[in-house]
*Asks:* 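Quick one: the structure is below, and I'll ask about it shortly.
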Amino acid sequence: MTKNSSLLAEFPTCPRDGKDRPRVFTAASGAWLTDDSGFRWIDFDNARGSILLGHGDPVVAEAVARAATGADGTATGWSRRVDAVLERLHALCGGEVVGLFRSGTAAVRAAVLAVREATGRPLLLSAGYHGYDPMWYPSEAPLEPNADGVVDFFFDLGLLRELLRAPERVAAVVVSPDHMHLSPGWYRELRRLCSAAGVVLVADEVKVGLRYGPGLSTAELLAPDVWVVAKGMANGHAVSAVGGSRRLLKPLKEVSFTSFFEPTILAAADAALARVATGEPQRAVREAGDRFLRHARKALDDASLPVEIAGDGTFFQFVPATEELEDALYGAANAEGLLFYAGDNQGVSAAFGEAVLGEAERRFARVCERLAPYAGGEPVGDAARYRVAWNVMDGLRQAPRDREETTGLLARLLDD
């Protein structure tokens with residue numbers, strides 16, 4: 001065990017070793033992490049996608065350091081940084097008003113409860129992961145509300161159509177977008193269904209927003225009534241935002257918290273959002289990620305390994321044919337110092353320059369060599385694709401299926 005891991009009440013999501021102990025990192029710079037043994041890792045986890053610019057980005061670090069001295073405002077009250085962050089978010093994501101929170105989980109909860117109060121309707125129809133909050137736990141009976149009035153439709157538009165037959169009871173449809181397993185057409189149909197039913201649409205872009213470009217990843221596809229962003233807006237610092245209709249978000253006027261004006265967090269957000277607004281970090285991420293994927297797909301193919309890769313350079317996910325191969329893949333990656341987010345989405349940072357990419361490619365080639373015993377195994381099938389998509393979406397990938405197939409998939413995946 002690490003020194004104090006047994007004292008921690010939570011079981012946090014973080015890189016772990018083969019004995020399920022948290023890995024201890026002592027330093028980070030750009031795309032590199034150093035662990036307590038001195039071993040250097042290339043980081044594809046990046047705080048589950050929160051680190052967009054790279055670890056220790058000098059511009060963000062300088063802004064945070066200055067704010068920490070008290071030279072750039074105070075936690076006691078308003079500062080120019082508040083205005084700057086609000087203006088940047090409004091320019092990037094739109095909406096009539098913008099609210100600030102410390103975590104994506106808190107922001108999504110506040111947004112949907114505000115919409116529920118504003119509309120006077122009881123139900124929230126949900127798809128995707130919205131944070132560590134019991135309010136989103138699915139009910140035991142499919143298509144039935146849980147104790148918080150939430151019904152999960154698991155990204156299945158057929159189930160959503162059923163639920164929207166009584167739109168007068170639905171406060172909002174809230175979706176956490178996934179661009180690895182859902183097509184643009186899926187989002188357009190979602191928007192059509194919500195518009196036809198007269199139901200508010202909330203885009204929970206905590207996970208994906210701002211990594212794909214200088215604004216919401218679903219701005220044109222969904223034109224959401226309310227949006228939430230977090231990861232990518234402050235390069236890993238704890239801040240999130242809600243925006244949208246003034247009428248729908250009016251209940252947020254009652255929301256505040258002690259650290260609202262904390263200057264280091266506002267400084268990090270201001271500095272990071274200024275870069276995000278240019279689109280340059282996102283272009284660097286996509287180019288670096290696409291280059292790595294070209295190499296990875298060829299290396300897997302050359303080694304005859306039954307592993308697909310979903311997504312693109314911005315966010316991608318490995319799809320091994322079997323769970324045994326999946327475990328072996330992440331074990332081999334750990335041995336070679338490639339820090340992947342096991343079973344979930346992988347995301348490079350803008351700090352992945354030529355030297356990092358070259359080393360990452362060499363290490364991945366050795367990962368494929370380690371997996372030689374799995375060469376020529378059974379190909380990737382739909383069961384594997386659904387299983388892996390579920391890990392990242394908490395729902396069903398887009399694919400043709402009927403109601404019976406949907407019910408069977410949910411029964412199996414929820415049981416697992």
Side-chain angles (χ1 to χ4, degrees), residues 13-56 180 211 236 284-303 305-321 323-375 388 391-392:
T13 299
C14 66
R16 295 176 180 273
D17 64 18
K19 296 181 180 179
D20 206 27
R21 298 172 301 194
R23 293 193 183 279
V24 178
F25 297 104
T26 58
S29 178
W32 295 94
L33 301 177
T34 304
D35 67 22
D36 55 358
S37 71
F39 187 55
R40 297 187 78 207
W41 299 72
I42 298 175
D43 191 6
F44 285 83
D45 180 306
N46 283 298
R48 273 62 66 203
S50 295
I51 306 294
L52 178 63
L53 305 176
H55 295 281
M180 296 181 290
R211 283 188 63 90
V285 161
R286 178 62 184 265
E287 290 172 5
D290 281 346
R291 171 178 154 173
F292 177 78
L293 290 190
R294 286 193 296 272
H295 169 85
R297 288 188 171 111
K298 184 176 186 304
L300 290 165
D301 187 57
D302 289 348
L305 291 168
V307 180
E308 296 177 349
I309 301 178
D312 57 34
T314 300
F315 260 151
F316 64 92
Q317 188 180 24
F318 294 107
V319 188
E323 292 184 66
E324 181 185 5
L325 176 54
E326 182 173 26
D327 291 341
L329 169 64
Y330 292 114
N334 284 339
E336 294 296 339
L338 294 177
L339 187 66
F340 292 128
Y341 184 6
D344 214 297
N345 50 242
Q346 318 301 331
V348 307
S349 72
F352 270 62
E354 179 67 31
V356 174
L357 282 167
E359 181 60 20
E361 289 167 354
R362 287 187 287 274
R363 293 187 184 197
F364 193 80
R366 295 197 295 268
V367 168
C368 292
E369 291 173 5
R370 289 176 177 269
L371 297 176
Y374 297 91
V388 172
N391 289 345
V392 72

*Asks:* Side-chain contact test, heavy atoms from C-beta onward, threshold under 4.5 Å: evaluate it for Pro320 versus Asp327 and give yes or no.
*Replies:* no
*Asks:* Supply the atom-to-atom distance Leu33 CG to Asp43 CG, rounded to the nearest 0.5 angstrom.
*Replies:* 4.0 Å
*Asks:* Do Leu305 and Cys368 have side chains that get closer than 4.5 Å, going by heavy atoms?
*Replies:* yes
*Asks:* If the test is ring pair (Phe, Tyr, Trp, His ring centres under 6.0 Å), which one of Phe318, Tyr341, Phe352, Phe364 qualifies with Phe44?
*Replies:* Phe352
*Asks:* Kindly compute the distance separating CG (Leu338) from CZ (Arg362), expressed to the nearest 0.5 Å.
*Replies:* 11.5 Å
*Asks:* So which atom in Leu293 and which in Gly313 form the shortest heavy-atom distance, rounded to 0.1 Å?
*Replies:* CD1-N, 3.8 Å
*Asks:* Using every non-hydrogen atom in the two residues, find where Gly343 and Gln317 come nearest and quote the distance to one decimal.
*Replies:* O-NE2, 3.0 Å
*Asks:* Measuring only between side-chain heavy atoms, which start at C-beta, is Leu300 closer than 4.5 Å to Ile309?
*Replies:* yes
*Asks:* Salt bridge check: are Arg291 and Glu287 linked by an N-O gap of less than 4.0 Å?
*Replies:* no
*Asks:* Locate the shortest heavy-atom distance separating Pro22 from Cys14; write the atom from each residue and the value.
*Replies:* CB-SG, 3.9 Å
*Asks:* Roughly how far, to the nearest 0.5 Å, is the OG1 atom of Thr314 from the CG atom of Asn345?
*Replies:* 11.5 Å
*Asks:* Taking the side chain as everything from C-beta on, heavy atoms only, tell me whether Gln346 gets closer than 4.5 Å to Phe292.
*Replies:* no
*Asks:* Do you know the tightest heavy-atom contact between Glu324 and Tyr374?
*Replies:* OE2-OH, 3.6 Å
*Asks:* For Gly289 and Val348, work out which heavy atoms get closest and say how close.
*Replies:* N-CG2, 3.9 Å
*Asks:* If only atom types and distance count, is the side chain of Asn46 paired as donor or acceptor with the main-chain N or O of Gly347 below 3.5 Å?
*Replies:* yes
*Asks:* Determine whether Arg48 and Asp344 make a side-chain contact, defined as any pair of heavy atoms from C-beta on separated by less than 4.5 Å.
*Replies:* no
*Asks:* Quick one: pull up CH2 in Trp41 and CD in Glu336 and give me the separation to the nearest 0.5 Å.
*Replies:* 10.0 Å
*Asks:* Can a donor-acceptor pair be found, under 3.5 Å and without considering hydrogens, that links the side chain of Arg23 to the backbone of Asp35?
*Replies:* no
*Asks:* For the residue pair Asp290 and Arg294, establish whether any side-chain heavy-atom pair is separated by less than 4.5 Å.
*Replies:* yes
*Asks:* Does the pair Arg366/Glu369 count as a salt bridge with the N-to-O cut at 4.0 Å?
*Replies:* no
*Asks:* I need the minimum non-hydrogen distance between Gly311 and Met180, along with the two atoms involved.
*Replies:* CA-CG, 3.8 Å
*Asks:* Is any side-chain heavy atom of Ile42 closer than 4.5 Å to one of Trp32?
*Replies:* yes
